[in-house]
Amino acid sequence: MASPPLVLIIDDARENRLLLTSQLKLEGFETIEAAGGKEGIEKARAFDPDVILLDVMMPDLDGFEVCRLLKTDPATQQIPIIMVTALNRVESRIEGKRAGADEFLSRPHVREELLVRVRTYTEVKRTRLRLDEERNRLQLLYNVSRAISSQLDLDTIMADTLTQTQAAVGATKGNIILVNEAGQVYHRFMLRAGSPVEISDHVAQTVMTQGLGGWLLENQKSEIIEDISGDARWITLPDDRGEVGSAIGIPLTGPDRVEGILILNHAQTGYFSAEHRHLLEAIASTVTAAIVNARLFAEVREEQRKLETILTSSTDAIIIADEAWRISLFNYTAARLFQVRMQDVIRRPLTEIPQLAPLRVLLPKPPLPGEVKEVTLDDGRVLHPSISPIDGVGYALILQDISELKRIEELKLAAERQEKERVQETFARYMGPRLVNHVLANAPELMARRERRLAVVMFVDLRNWTGGMITRVAPDEAIRQLNEFFTRMMDIAIEFDGTVFELTGDEILVGFNAPFDQPDATSRAVQTAVTMQREFNQLRQSWFEQAGTELGLGIGIDMGEVVMGNVGAESRMSFRMVGQPMNTASRLVDMAGDGQIVISTAVYHDLALKDATRLQETAFDRMEPVHLQGIAEPQILYRATIPRAPFLKEKTRATTPATLQVK
């Protein structure tokens with residue numbers, strides 16, 4: 001049964017700690033408390049909690065510094081940190097994220113929100129630990145398999161296996177004892193922590209008759225001894241007097257007999273677990289196959305020296321046959337792969353053995369070197385065959401099981417396709433096909449990216465819409481006009497490679513030089529604005545003729561540093577820009593009347609430097625200094641006006657048009 005989640009609460013206010021502790025304990029969480037940053041760091045290292053609730057304002061070390069120290073310490077960097085603070089400013093949250101905080105909880109907090117976040121990050125940490133353990137287990141299996149697959153020297157295989165296995169499970173001592181068909185020891189490999197592998201050819205007789213070694217040979221199943229000092233099966237030898245702790249033993253069982261045993265020790269009682277047993281049993285299967293194959297190889301090398309060049313991979317299925325395809329050698333891996341006994345196939349033609357029927361596709365014309373010809377078994381496993389002719393012998397057929405490799409490759413390809421489709425679908429909402437293709441080719445990870453960059457921000461606002469027109473026309477007509485407006489304006493933004501970040505109410509937010517570099521960003525923005533105003537000339541006249549609505553369009557443009565990333569609540573995120581240029585551009589669009597484009601000094605100077613002809617084509621007049629909300633100093637702005645054609649009232653329908661004064 002899993003232990004209750006442990007939460008470390010770091011807060012200098014005792015009442016805050018008591019409140020959090022009481023709420024968490026009622027839901028089954030265990031808690032520990034720290035009254036300051038330094039104490040919190042010490043307890044995080046000592047107890048390794050599942051989640052840390054961290055206050056920001058503390059006298060010794062503030063929460064940001066504590067977070068930075070914990071996230072840079074390998075011993076604590078995997079612990080999720082939720083900052084609990086009354087600081088709601090964006091700058092504080094940004095600093096927290098830079099320090100490494102995983103989440104924020106505003107104070108006063110909502111109990112249900114606290115519990116949801118703690119549960120979520122508890123599961124995140126535990127899942128991460130489980131994944132790390134599984135990765136380590138698979139890495140060990142891979143390392144052992146790799147070490148023995150390239151070796152057929154028994155001493156090297158056993159030494160590598162013992163070294164890696166002992167290190168992986170943290171054992172202080174390890175033994176691999178190999179026995180012959182009569183159960184007599186012919187090799188012993190022993191490794192103590194910090195010492196090289198010791199190889200001998202004998203073991204104390206009592207170990208193999210009365211001790212754990214004999215028990216494993218007799219029962220042919222794994223066993224864990226929680227406390228060796230209290231178990232009669234543990235025989236203490238003269239060199240190990242005073243030895244205490246626990247032990248685990250695994251038989252190395254082949255298809256016909258027990259090849260040997262693996263025994264590991266640890267100085268701590270009760271150290272070995274069921275997970276250790278499962279891992280070692282998996283290793284034992286691979287090691288046993290290696291032992292059998294190595295022994296077979298040694299026998300064949302003595303009897304048929306010409307076969308030495310082909311028995312190079314003991315974990316692959318190996319079949320040796322003469323020119324009529326009568327089998328002369330069939331290794332253990334092949335027997336296990338095809339579920340046959342080795343003695344039942346020797347000296348028989350391959351074509352007469354039902355279990356080997358899938359291999360008949362390789363005969364009589366074996367695949368050429370470099371030719372890919374796979375074999376699929378009835379159970380779905382896929383084998384990669386390699387056939388080599390051997391002068392005076394016949395053929396060597398080596399079969400590699402590539403089922404898992406193909407499955408992983410298929411999953412990888414499917415995941416790549418799914419991710420590409422997701423990215424394409426997501427960014428098609430913001431940008432045109434050219435930029436979407438650029439994302440897919442150069443930056444598929446864009447959604448996960450957070451960065452600060454110089455951006456040109458443009459707000460486009462439909463005048464007189466929410467101020468009255470929406471109440472004067474039928475809902476169907478209102479939505480039709482709004483959709484037509486957004487479609488036409490967005491097409492223009494995309495034409496100039498702008499990124500459309502928001503369509504809100506009757507307003508459009510477009511960014512340039514975001515999320516990719518555009519050296520001519522200000523020029524693109526002004527071209528976009530001018531094109532929109534000219535296009536709107538036709539659009540407004542069309543609406544007037546169809547519905548009698550008199551609408552206008554204002555545009556404001558600023559440039560400056562913004563922060564970009566996926567922003568929003570956990571349940572709803574969107575790719576956005578955040579920064580002062582957003583506020584300034586919003587103020588500028590409010591100042592722009594129908595047909596006007598208002599730009600900041602930064603935009604004007606950038607245009608003058610990079611594209612002076614744009615200023616000649618579109619005349620911008622300097623405005624009187626203006627105080628903008630949120631900016632202390634008066635701002636110099638520039639305004640261009642795109643001429644508007646008068647409404648052609650004689651072409652309108654007979655109904656009385658709904659009119660409001662344009663800004």
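Test Glu404, Glu409, Glu410 against Arg407 for side chain to side chain donor-acceptor pair (under 3.5 Å) and you get one pass: Glu404.
Side-chain contact between Met591 and Leu637 is present, with at least one heavy-atom pair separated by less than 4.5 Å. Between Val598 and Ile557, every side-chain heavy-atom pair lies at or beyond the 4.5 Å cut-off. Counting only heavy atoms from C-beta outward, the side chains of Ile52 and Ile10 approach each other to under 4.5 Å. In this structure the side chain of Glu112 never reaches within 4.5 angstrom of the side chain of Leu114, judged on heavy atoms. Side-chain contact between Phe512 and Met458 is present, with heavy atoms from C-beta onward closer than 4.5 Å. Ile631 is not listed as a side-chain neighbour of His627, based on a closest heavy-atom distance of 4.5 Å or more. With a 4.5 Å cut-off on side-chain heavy atoms, Val66 and Ile41 count as touching.
Salt bridge Glu123/Arg126: absent, no basic N to carboxylate O contact under 4.0 Å. A salt bridge does not link Asp506 with Arg463: none of the charged nitrogens is closer than 4.0 Å to a carboxylate oxygen. A salt bridge links Arg111 to Glu27: one of the charged nitrogens lies within less than 4.0 Å of a carboxylate oxygen. With respect to Arg17 and Asp55, no salt bridge is recorded, no charged nitrogen being found less than 4.0 Å from a carboxylate O. The pair Asp48-Lys125 counts as a salt bridge, with a side-chain nitrogen and a carboxylate oxygen less than 4.0 angstrom apart. The existence of a salt bridge linking Arg480 and Asp476 is excluded, since no basic side-chain nitrogen approaches an acidic carboxylate oxygen closer than 4.0 Å. The residues Lys71 and Asp102 are annotated as salt-bridged, a charged nitrogen and a carboxylate oxygen being separated by less than 4.0 angstrom.
Enclosure of atom CZ in Arg93 by more than 12 non-hydrogen atoms of other residues, nucleotides or ligands within 6.0 angstrom is indicated. Around atom CE of Met57, no more than 12 heavy atoms belonging to other residues, nucleotides or ligands sit under 6.0 Å away.
Arg540 places a side-chain N or O within donor-acceptor distance of the main-chain N or O of Ala645, the cut-off being under 3.5 Å. Side-chain N or O atoms of Ser22 include one that pairs as donor or acceptor with a backbone N or O of Leu19 at under 3.5 Å. Using a distance-only test at 3.5 Å, with no hydrogens or angles considered, a donor-acceptor pair links the side chain of Ser403 to the main chain of Val382. In this structure, Arg524 contributes its side chain and Phe496 its backbone to a donor-acceptor pair below 3.5 Å. At distances below 3.5 Å, not a single donor-acceptor pair connects side-chain atoms of Ser600 with backbone N or O atoms of Asp558. Using a distance-only test at 3.5 Å, with no hydrogens or angles considered, a donor-acceptor pair links the side chain of Thr122 to the main chain of Val118. A donor-acceptor contact shorter than 3.5 Å is absent between the side chain of Glu484 and the backbone of Gln481.
For Asp517, the side-chain contact (heavy atoms from CB on, under 4.5 Å) test picks out Arg453, Asn513, with sequence neighbours left out. Partners of Tyr638 under the ring-ring contact (aromatic ring centres under 6.0 Å, His included) rule, at least two apart in sequence or in another chain, are Tyr604. Every residue two or more places apart in sequence or in another chain that forms a salt bridge (Lys or Arg N to Asp or Glu O under 4.0 Å) with Glu113 is listed here: Arg117.
For the 3.5 Å distance criterion, the side chains of Asp611 and Ser523 qualify, holding a donor opposite an acceptor. In this model, a donor atom of one side chain and an acceptor atom of the other lie less than 3.5 Å apart for Gln580 and Thr584. Using modelled atom types, one finds a donor on one side chain and an acceptor on the other under 3.5 Å when comparing Arg644 with Gln533.
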Assess the residue pair Ile508 and Met489 against the criterion (side chain to side chain contact (heavy atoms under 4.5 Å, CB included)); give the C-alpha distance rounded to whole Å, side-chain angles, the decisive distance to 0.1 Å, and a yes or no. CA-CA 8 Å; Ile508 304 175; Met489 297 303 109; 3.3 Å; yes

Walk me through it: do Phe459 and Asp461 pass the test side chain to side chain contact (heavy atoms under 4.5 Å, CB included)? CA-CA 6 Å; Phe459 273 100; Asp461 185 54; over 6 Å; no

Test Leu588 against Ile599 for side chain to side chain contact (heavy atoms under 4.5 Å, CB included), laying out the working first. CA-CA 7 Å; Leu588 300 187; Ile599 63 175; 5.7 Å; no

Kindly indicate, with the supporting measurements, whether the criterion side chain to side chain contact (heavy atoms under 4.5 Å, CB included) is fulfilled by Leu54 and Met58. CA-CA 10 Å; Leu54 176 61; Met58 292 185 291; 3.8 Å; yes

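When all heavy atoms of Ala514 and Ala455 are compared, the closest pair comes out as CB-CB, 4.2 Å. Considering every non-hydrogen atom in both Asp401 and Leu383, the closest pair reads CA-CD2, 3.7 Å. Annotation for Asp594 and Leu553: closest pair OD1-N, 2.8 Å, computed over non-hydrogen atoms.
Ile636 contributes atom CD1, which lies 7.5 Å from atom CD of Glu624 (distance to the nearest 0.5 angstrom). Atom CZ of Phe486 and atom CG of Asp491 lie 13.0 Å apart (nearest 0.5 Å). For the atom pair Asp497 CG and Gln518 CD, the distance stands at 6.0 Å (nearest 0.5 Å). Arg68 CZ to Leu61 CG: the interatomic distance, rounded to the nearest 0.5 Å, is 10.5 Å.
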